[in-house]
Amino acid sequence: MEHRDFLAITDLSREEIQTIFSRARLHQESGPQAVLPGRSVVLLFEKASTRTRVSFEVGVARMGGHPVVLTPAGSQIARGEPLQDTARVLSGYCDCIVMRTFGHERVQEMAHWADVPVINALTDLLHPCQVLADCFTLQGRFGSLKGKRVAWIGDGNNMANSWINAASLLDFELALACPAGYEPDAGVMDAARAGGAKIILVRDPAEAVQGALAVNTDVWASMGQEEEARLRMEAFRDYAVTKSLMDRAAGEAVFMHCLPAHRGEEVTEEVLESGRSIIWEQAKNRLYVQEAVMAFLLQQREEMHI
Ligand code: CP
Ligand code: NVA
């Protein structure tokens, strides 16, 4: 059956992002809309999660649907059942699949074989649900992001790549400061620049935060990179977000982090707990934006079959 997936922010148009934000705002202000009665959503997590797992599970329940959480260990996946089989079996039971995994090609494979919308709940390459919610948070505070500067400090990881995708659709300038060897994905960056996005890549964090209204960072070793942690700690030594770095950003600048955070590594306790930090608001908004994404994809599927 024809359907849309949400594997990357670039799967959406500018207009669709604003439609999703309008619904998210409605859920934030007036409570959830029961648009999933009788519907089931499988949440397949091949990596650890607190926020994504709970916000999706609660979100499905708040909209009148039934969430089913699946992990490789508790299913046949760890025993080697191929994704192409799992995808088609799950499609017979549920209306949407939310998947967190390692290689991006795994979520693409799931989407290829599934007959229902697939949502990327984080891969090694992208974290679209988090960054979409972060853009909703910023837009709620500052209005249109067009022409404004957002800074990214540290690892050119899945979060950085999704911020690059978002810059191409929300028309903000993205300034990234990354150490040599830890730049964002070249393909993601080239595609965004080819589409007219303003992506600035520098080495010096002070240069990236100049005039920025949001300063973002993330852990130095992502899930799956635990063995590189020591090496990375050395490479990122000059990339911590400190108060003095925040003071170089715009006067109204906020600090953002997808969490979990490592206090005293990528960000100081002082910044994380300061009045400029909007980390709890970011985490909370995951719920509303993901509810809106699920509602949007299920509505699209219905319209494709009228
Ligand atoms: N930010 C985020 O995705 O957190 P979890 O890993 O806890 O889901
Ligand atoms: N970059 C981090 C994000 C966690 C939400 C990771 O992939 O582990």
Side-chain angles (χ1 to χ4, degrees), residues 6-9 41-60 67 69-72 97-107 119-138 152-166 174 176-179 181-185 188 214-229 231-233 235-236 239-241 255-263 265-267 272 277-291 293-294:
F6 180 57
L7 305 189
I9 289 179
V41 178
V42 167
L43 312 176
L44 171 56
F45 282 82
E46 300 192 324
K47 276 181 178 172
S49 171
T50 297
R51 281 144 288 270
T52 311
R53 147 91 202 257
V54 175
S55 56
F56 266 111
E57 187 166 350
V58 170
V60 171
V69 179
L70 210 56
T71 56
I97 298 169
V98 175
M99 182 178 185
R100 168 171 287 196
T101 190
F102 291 86
H104 192 68
E105 62 289 346
R106 259 182 96 68
V107 84
I119 297 177
N120 176 3
L122 181 146
T123 61
D124 292 343
L125 184 71
L126 298 172
H127 195 2
C129 292
Q130 176 74 52
V131 174
L132 194 64
D134 291 349
C135 290
F136 172 77
T137 303
L138 277 186
W152 177 268
I153 309 299
D155 194 15
N157 61 13
N158 44 10
M159 282 291 298
N161 292 331
S162 280
W163 272 107
I164 293 168
N165 282 342
L174 183 67
L176 305 110
C178 308
Y182 297 96
E183 293 87 356
D185 183 82
V188 170
V215 177
N216 270 278
T217 192
D218 189 9
V219 290
W220 292 339
S222 284
M223 287 182 275
Q225 297 171 335
E226 289 78 8
E227 284 178 8
E228 297 171 33
L231 183 76
R232 286 171 163 269
M233 195 89 97
F236 289 100
Y239 287 80
V241 178
F255 170 74
M256 302 180 84
H257 194 308
C258 63
L259 303 177
H262 291 166
R263 288 166 164 80
E265 290 183 23
E266 75 273 6
V267 58
L272 197 74
S277 171
I278 59 167
I279 54 174
W280 313 124
E281 191 183 333
Q282 283 178 260
K284 194 164 178 216
N285 285 340
R286 296 286 304 276
L287 181 63
Y288 312 125
V289 173
Q290 289 163 188
E291 285 177 352
V293 168
M294 287 188 282

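Both backbone and side-chain heavy atoms feed into the values below; hydrogens, waters and symmetry mates do not. Atoms within each ligand, like the ligands themselves, are counted from 1 in listed order.
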| request: Assign the ring pair W220 / F236 to parallel, tilted or perpendicular, where the plane angle (0 to 90°) is split at 30° and 60°. | output: parallel
| query | Among D155, L122, N158, whose heavy atom sits nearest atom 4 (C) of ligand 2? | reply | L122
| remark: for atom 3 (C) of ligand 2, nearest protein heavy atom and its distance come out as D218 OD2, 3.6 Å
| field | Matching residue for R100 among T52, T71, N120 - test: side chain to side chain donor-acceptor pair (under 3.5 Å) | value | T52
| remark: Counting only non-hydrogen atoms and a 4.0 Å cut-off, the residues near ligand 1 are S49, T50, R51, T52, R100, H127, Q130, C258, L259, R286
| Qualifying residue, where the test is side chain to side chain contact (heavy atoms under 4.5 Å, CB included) with M99 and the options are V107, L122, I119 | V107
| said: Tell me whether S222 has any N or O atom under 3.5 angstrom from an N or O of ligand 2. | reply: yes
| query | Picking from T123, T101, D124, what satisfies side chain to side chain donor-acceptor pair (under 3.5 Å) with K47? | reply | D124
| task | Measure the CG-CD1 distance between L176 and I153 for me, rounded to the nearest 0.5 Å. | result | 8.0 Å
| said: Please find the pair of heavy atoms, one from L125 and one from N161, that lie closest to each other, and give the distance. | reply: O-ND2, 3.0 Å
| L259: numbered ligand 2 atoms lying under 4.0 Å from its heavy atoms | 5 (C)
| query | Which protein heavy atom lies closest to atom 8 (O) of ligand 2, and at what distance to 0.1 Å? | reply | M223 N, 2.8 Å
| By salt bridge (charged side-chain N to carboxylate O under 4.0 Å, His left out) - contacts of E265 (at least two apart) | none
| query | To the nearest 0.5 Å, what is the distance between CD1 (I9) and SG (C135)? | reply | 5.5 Å
